[in-house]
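See below for the structure under consideration.
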Amino acid sequence: MKLKSARLLGIETSCDETAAAVVENGREILSNVVATQIDLHTKYGGVFPEVASRQHIRTIYPVIDEALQKANLGLADIDAIAVTRGPGLAGSLVVGMNAAKGLALGRQLPLIGVNHLEGHIYSAWLYPADTPKPPPPPEFPQLALLVSGGHSELNLVQDHLQYQRLGGTLDDAAGEAFDKVARMLRLPYPGGPAIQKAAREGNPQAFPFPRSRLENTWNFSFSGLKTAVLREVRALEEENRSLPVPNLAASFQEAVVSVLFEKTMKAARDYAVKSILVAGGVSANEALRKTFTSQTEFPVHIPPLSLCTDNAAMIASAGYYHFCLGHVDPLDLDVLPNWPLS
Ligand code: KG4
Ligand code: ZN
């Protein structure tokens with residue numbers, strides 16, 4: 001791919017974060033603004049779609065303004081606009097998409113619709129503007145494990161923007177399992193960080209929860225594990241015993257991480273990749289990060305914590321590589337709430 005010199009404004013509103021960022025040449029973050037709505041959704045125990053859309057409407061333009069201001073740039077300095085087209089909540093995606101279209105039309109800028117999962121992959125390409133020696137980009141072919149609230153999948157990435165889906169979850173996404181188990185343990189939303197915190201005080205071997213390995217496929221399943229935790233919680237409650245939350249959290253987390261790790265390693269070896277990439281909200285998990293970075297012979301790329309969860313810098317980065325290939329979308333571009341990566 002012939003790389004061009006370009007500054008992209010990225011916009012992301014697929015779920016409950018309103019985000020905008022300016023990224024230079026696909027990798028250098030000039031600004032990265034995320035307005036989270038977590039406080040608004042906590043009382044519902046999860047994302048309330050209509051509340052999310054309405055909040056995006058209120059915050060989208062202030063967030064875009066802030067991203068431009070922090071980069072010390074105006075729209076005249078931007079070469080293209082990348083926006084999340086899907087997957088995500090339709091009502092949320094539409095807000096970012098319409099904001100992007102308005103700016104693209106008003107400024108005659110190319111509009112590029114980006115797949116949110118592709119954005120998570122490109123979060124591994126990013127580095128802050130003041131980095132003295134930029135890190136080399138992840139090498140192809142690579143194995144990408146995407147683990148977020150909505151997805152858990154393994155993709156073989158042969159080159160820029162070339163994805164081959166090997167497998168994915170048959171039921172809950174990894175992040176969804178964290179969120180549901182957190183609710184069982186009476187921990188707040190989002191469940192991932194809450195389980196991680198509780199697990200620090202717990203013994204990961206306390207409960208031998210099942211690991212669904214689904215041999216000879218690249219698929220995952222977390223519903224059996226989730227049910228096993230529920231059964232344990234109910235049994236303890238029937239006996240009027242208080243829940244050993246740290247031990248339950250640590251044992252659950254260990255089961256998720258070990259299944260994700262074992263399958264990713266097997267695929268990495270079978271496909272003889274040059275690097276492993278782990279991205280998506282669950283890649284913020286400290287147990288997962290430790291396992292993936294200390295127990296493998298492959299170079300492992302996991303984005304810094306600030307780029308693991310939803311942000312717009314990753315959308316600008318993925319959009320840049322489309323821009324270099326000359327991909328431009330029309331202004332009647334629709335959102336795709338169920339858009340697969342490959
Ligand atoms: O990528 P993301 O921000 O949004 C989606 O695209 O879904 O991922 C959100 C998910 C939530 O399920 C959240 O519980 C999980 O990522 N998560 C974590 C951690 N931080 C966020 N899961 C485990 N450990 C964490 N530290
Ligand atoms: Zn995400």
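Everything quoted here is computed from the prediction, not taken from an experiment. Residue numbers start at 1 and run along the sequence shown. Order of listing sets the numbers, starting from 1, for every ligand and every atom in it.
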(message) If I consider every N, O or S atom in His116, which one ends up closest to the Zn ion (ligand 2)? I only need its name.
(response)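 Going through the N, O and S atoms of His116 one by one, NE2 ends up nearest to the Zn ion (ligand 2).
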(request) Return the name of the atom in Asp310, of element N, O or S, nearest to the Zn ion (ligand 2). (result)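 Answer by atom name: OD1.
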Indicate yes or no: at least one non-hydrogen side-chain atom of [X] is less than 4.5 angstrom from one of [Y].
{"X": "Val157", "Y": "Leu277", "answer": "no"}
{"X": "Cys308", "Y": "Ser283", "answer": "yes"}
{"X": "Lys2", "Y": "Cys324", "answer": "no"}

Once the angle between the rings of [X] and [Y] is folded into 0 to 90°, is it parallel (under 30°), tilted (30 to 60°) or perpendicular (over 60°)?
{"X": "Trp125", "Y": "Tyr122", "answer": "tilted"}
{"X": "His120", "Y": "His116", "answer": "perpendicular"}
{"X": "His327", "Y": "His322", "answer": "tilted"}

Need the ligand 1 atom indices (1-based, order shown) with element for anything under 4.0 Å from a heavy-atom of [X].
{"X": "Gly150", "answer": "7 (O)"}
{"X": "Gly175", "answer": "12 (O)"}
{"X": "Gly149", "answer": "5 (C), 7 (O), 8 (O), 9 (C), 10 (C), 12 (O)"}
{"X": "Gly281", "answer": "1 (O), 2 (P), 8 (O), 16 (O), 17 (N), 18 (C), 19 (C), 20 (N), 21 (C)"}
{"X": "Ser148", "answer": "1 (O), 5 (C), 6 (O), 7 (O), 8 (O)"}
{"X": "Thr309", "answer": "3 (O)"}

Taking only non-hydrogen atoms of [X], do any sit less than 4.0 angstrom from ligand 1?
{"X": "His151", "value": "no"}
{"X": "Pro193", "value": "yes"}
{"X": "His120", "value": "yes"}

Are there over 12 heavy-atom neighbours, none belonging to [X], within less than 6.0 Å of that residue's [atom1]?
{"X": "Glu201", "atom1": "CD", "answer": "no"}
{"X": "Lys101", "atom1": "NZ", "answer": "yes"}
{"X": "Arg165", "atom1": "CZ", "answer": "yes"}

(message) Report whether any nitrogen, oxygen or sulfur of His120 sits less than 2.8 Å from the Zn ion (ligand 2) (N, O or S, backbone or side chain).
(response)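 Of the N, O and S atoms in His120, at least one lies under 2.8 Å from the Zn ion (ligand 2), which means yes.
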Which residue and atom name correspond to the protein heavy atom nearest [atom], and how close is it?
{"atom": "atom 24 (N) of ligand 1", "value": "Asn285 ND2, 3.0 Å"}
{"atom": "atom 26 (N) of ligand 1", "value": "Gln196 OE1, 2.9 Å"}
{"atom": "atom 6 (O) of ligand 1", "value": "His116 NE2, 3.1 Å"}
{"atom": "atom 13 (C) of ligand 1", "value": "Asp179 OD1, 3.8 Å"}

(request) Run down the list Val34, Asp16, Asp310, Val256 and name the one with the heavy atom closest to atom 5 (C) of ligand 1. (result)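 Result: the heavy atom closest to atom 5 (C) of ligand 1 is in Asp310.
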(request) Please determine if Lys274 forms a cation-pi arrangement with Phe140, meaning its NZ or CZ atom is less than 6.0 Å from the six-membered ring centre and no more than 45° off the ring axis. (result)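 No, a cation-pi geometry is absent between Lys274 and Phe140.
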(request) Pick out which of Glu232, Arg231, Glu254, Lys226 makes a side-chain contact (heavy atoms from CB on, under 4.5 Å) with Phe209. (result)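 When Glu232, Arg231, Glu254, Lys226 are each tested with Phe209, the side-chain contact (heavy atoms from CB on, under 4.5 Å) holds only for Glu232.
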(message) What I want to know is whether Gly192 and ligand 1 share at least one N or O pair that is separated by under 3.5 angstrom.
(response)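 Such a contact does occur with ligand 1.
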